[in-house]
S.K.: 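Below are the structure tokens for one structure; questions will follow.
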Amino acid sequence: MTELKSYTLAILASLWVVVVAGLAILQPSALDVSTVTTILQFSTILGLVSLGQGVVILCGGAGIDLSVGGIASLTSVVAMQAAEAGMPLPLLPVICIVVGAGLGTFNGLLVTRLGLLPLIATLGTFYVYSGAAVATTGGAVLSGVPSYFIVWGRGVVSGLPLPFLTLTLPLFLLTAILLRFTAWGRWIYALGFNERSARLVGIPVDRVRLIAYGASGAFAGSAALVGLAWLGSARPNIGQNLELTSLTAALLGGIGIMGGRGGVIGILAAVLLLVTLQTGLLQLNVNSIWQVGIIGALLIIVLLADNLRFIRRST
Amino acid sequence: MTRPLIEARDISKRFGALQALADVDLDIREGEVLALVGDNGAGKSTLVKILSGAHAPSGGDLVMDGKPVEFASPQDSAAAGIATIFQELALSENLSIAENVFLGRELTQRVLGIPFLRHKAMKRRVGELLKELDAHISDPEVPVGSLSGGQRQAVAISRALNLNARLVIMDEPTAALAVAETRKVLQLIRNLADSGRAVILVSHNMHDVFEVGDRIAVFRRGRKIADKMRTETTPEEIVSFITGAHPDVRALEMQS
């Protein structure tokens, strides 16, 4: 398992070097500290959401969270509406995480209590959440984020954005430690890979999955907080496309879609690669339609490389 | 003779109109391999499920250490020291041997309420267990997915030992194994009994039963129709009990 992770990281790192080298040749002016800052700024939100996506998939049972973008959108809207209704502004981080966790837990209840397929349950809540975000605002942007949050949201320390440094990176490290070094982590790998055996040894499978969906929601809620602090306002479409991009990052980062395989550091590497690639293509003025195609091709190639290794080993 | 670890008295089990077990008496002794044989649907598995807490009996009593016991759930049975190794083994192939042996009851050290794994202690304990079993697996850190069927049985047995099981129930442990692997698993079963534990072996394989069983109980149509020490019977006789060709069985079935 650790072997697999290091292999994934190696692939991603070499691809990243290829992307950066390509950019250096084609557009030398793009290699600048400000580019690093931009990449990390865009990685912050995607990273948080992909982390939750990855944990949900890791827990198996056909786990997937298509509603992460919807949760991010609805959370940021609800948080600002609560602020407008008189909630003390310093509580913005709290309400973001609580609302996000609540919406995620609702997904978890649909999956674990009602036995809905995760794909269907979260596709449904994706429409409900993102629809509600647009409907309650009429699509309008809600401003009024206090300046001290914006200082954090746009802050940069030696080229590194503060939200990335203080939120995304610590959460990735914390999750990695929990997965690797605690009994809970072992349970997640066990139930993600072989649910039946996990139940036979007495692991509370449903409760762990419920918590995973709740955590995914909380991560999406914290992404909403970053969006608020970065943009200075709540946008009802802040989470647009996050569901598929986060899924791409999780799979690219070595999370097995069937559950129980992979680690979260790979997800972070995949997020950085994806955003670097997108930023590079943007700098080279490549049409955005091509960008999407290139990312899709990348996903297939990396997973194919992974598969080839498995085929080689099993023969 | 010492008191049996578990005495089953008049155990019956009905599923609707189906009488799966009828008035079964059975003694389970420590240090002894008890083989349960019989055709499909003869009642062996039902009895095993009652002992492992998966089914409650419709009638009769289980007595353990001289005291009546009731197993309402597999957890109850496990807490009483009964470990059941099912055919599918309940192992996670993506985790290591040590992780599987301790899965669900890891050795941990709580830091801020978070159960951090005590890797070294678990690895050492599993190393000891594998050595005690003479399982010829050197590294407890190897993923279970890379092990052979016989080695996986050894891991499952280690798991049972780690729970301090006093009775280990094995359901067809050799069904999917090659010859050499089968020998190894039978040796493991022997070692278990020699270490003073009670072992129940459910098997269709007469060769296995006679190689490792100390006592053989034959089930037919929900009844226990024979209970013999291995030294007092032959494979031919046991087979005739199973198929109903034995004169005693005929006499019994004429009455009912």
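Residue numbering restarts at 1 for every chain, and letters A, B, ... go by the order of the sequence lines. Atom set for the values below is all heavy atoms of this structure, side chains included, hydrogens, waters and symmetry mates excluded.
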S.K.: In a table with atom names and distances, give each donor-acceptor pair under 3.5 Å that connects a side chain of residues 199-206 of chain A to protein atoms at least two apart or in another chain.
M.R.:
unit_1   : atom_1 : unit_2   : atom_2 : d
A:Arg199 : NE     : A:Glu195 : OE2    : 3.3
A:Arg199 : NH2    : A:Glu195 : OE2    : 2.7
A:Arg199 : NH2    : A:Asp206 : OD1    : 3.3

S.K.: Just wondering, are more than 12 heavy atoms of other shown residues or ligands nearer than 6.0 Å to CZ in A:Phe106?
M.R.: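 Not more than 12 within 6.0 Å, no.
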
S.K.: Which heavy atom in B:Thr108 sits nearest to a heavy atom in A:Ala183, and how many Å separate them?
M.R.: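 Smallest interatomic distance, heavy atoms only, reads CG2-CB, 3.9 Å.
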
S.K.: Output the residues of residues 116-131 of chain B for which the shortest heavy-atom distance to chain A is under 4.5 Å, in residue-number order; output 'none' if no such residue exists.
M.R.: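 At a heavy-atom separation under 4.5 Å, chain A is reached by B:Phe116, B:Leu117, B:His119.
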
S.K.: Shortest non-hydrogen contact from B:Ser92 to A:Ser197?
M.R.: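 Nearest heavy atoms, B:Ser92 then A:Ser197: OG-OG, 3.6 Å.
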
S.K.: Surrounding CH2 of A:Trp184 (heavy atoms of other residues, nucleotides or ligands, distance under 6.0 Å), is the total greater than 12?
M.R.: yes

S.K.: To check you understand the geometry: which heavy-atom pair defines the closest contact between A:Gly260 and B:Asn94, and what is its length?
M.R.: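 Looking at all heavy atoms of both residues, the closest pair is O-ND2, 2.9 Å.
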
S.K.: Show me the donor-acceptor pairs within less than 3.5 Å that the side chains of residues 113-122 of chain A make with the rest of the protein, sequence neighbours left out.
M.R.:
unit_1   : atom_1 : unit_2   : atom_2 : d
A:Thr122 : OG1    : A:Leu66  : N      : 3.0
A:Thr122 : OG1    : A:Pro118 : O      : 2.7

S.K.: Near B:Arg183 CZ, under 6.0 Å, is it more than 12 heavy atoms from other residues, nucleotides or ligands?
M.R.: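 No, CZ of B:Arg183 has 12 or fewer neighbouring heavy atoms, counting only those of other groups under 6.0 Å.
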
S.K.: Under 3.5 Å, which donor-acceptor pairs link side chains of residues 50-62 of chain A to any protein atom two or more places apart or in another chain?
M.R.:
unit_1  : atom_1 : unit_2   : atom_2 : d
A:Ser50 : OG     : A:Leu46  : O      : 2.6
A:Gln53 : OE1    : A:Asp65  : N      : 2.8
A:Gln53 : NE2    : A:Asp65  : O      : 2.9
A:Gln53 : NE2    : A:Ser246 : OG     : 3.0

S.K.: Would one find more than 12 heavy atoms of other residues, nucleotides or ligands at under 6.0 Å from atom NZ of B:Lys13?
M.R.: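 Counting neighbours around NZ of B:Lys13, more than 12 heavy atoms of other residues, nucleotides or ligands fall under 6.0 Å, so yes.
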
S.K.: Tell me, side chain or backbone of B:Gln109 under 4.5 Å from chain A's heavy atoms, or both, or neither?
M.R.: neither

S.K.: Flag the pair A:Tyr189 / B:Glu99 as yes when at least one side-chain heavy-atom distance between them is below 4.5 Å, and no otherwise.
M.R.: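 No, their side chains stay 4.5 Å or more apart.
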
S.K.: side-chain contact (heavy atoms from CB on, under 4.5 Å), that's the test. Do B:Leu95 and A:Arg186 meet it? Break it down for me.
M.R.: CA-CA 8 Å; B:Leu95 300 184; A:Arg186 295 301 92 187; 3.9 Å; yes

S.K.: Look at atom CD of B:Glu70 and say whether more than 12 heavy atoms of other residues, nucleotides or ligands are closer to it than 6.0 Å.
M.R.: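 No, the 6.0 Å shell around CD holds no more than 12 heavy atoms from other groups.
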
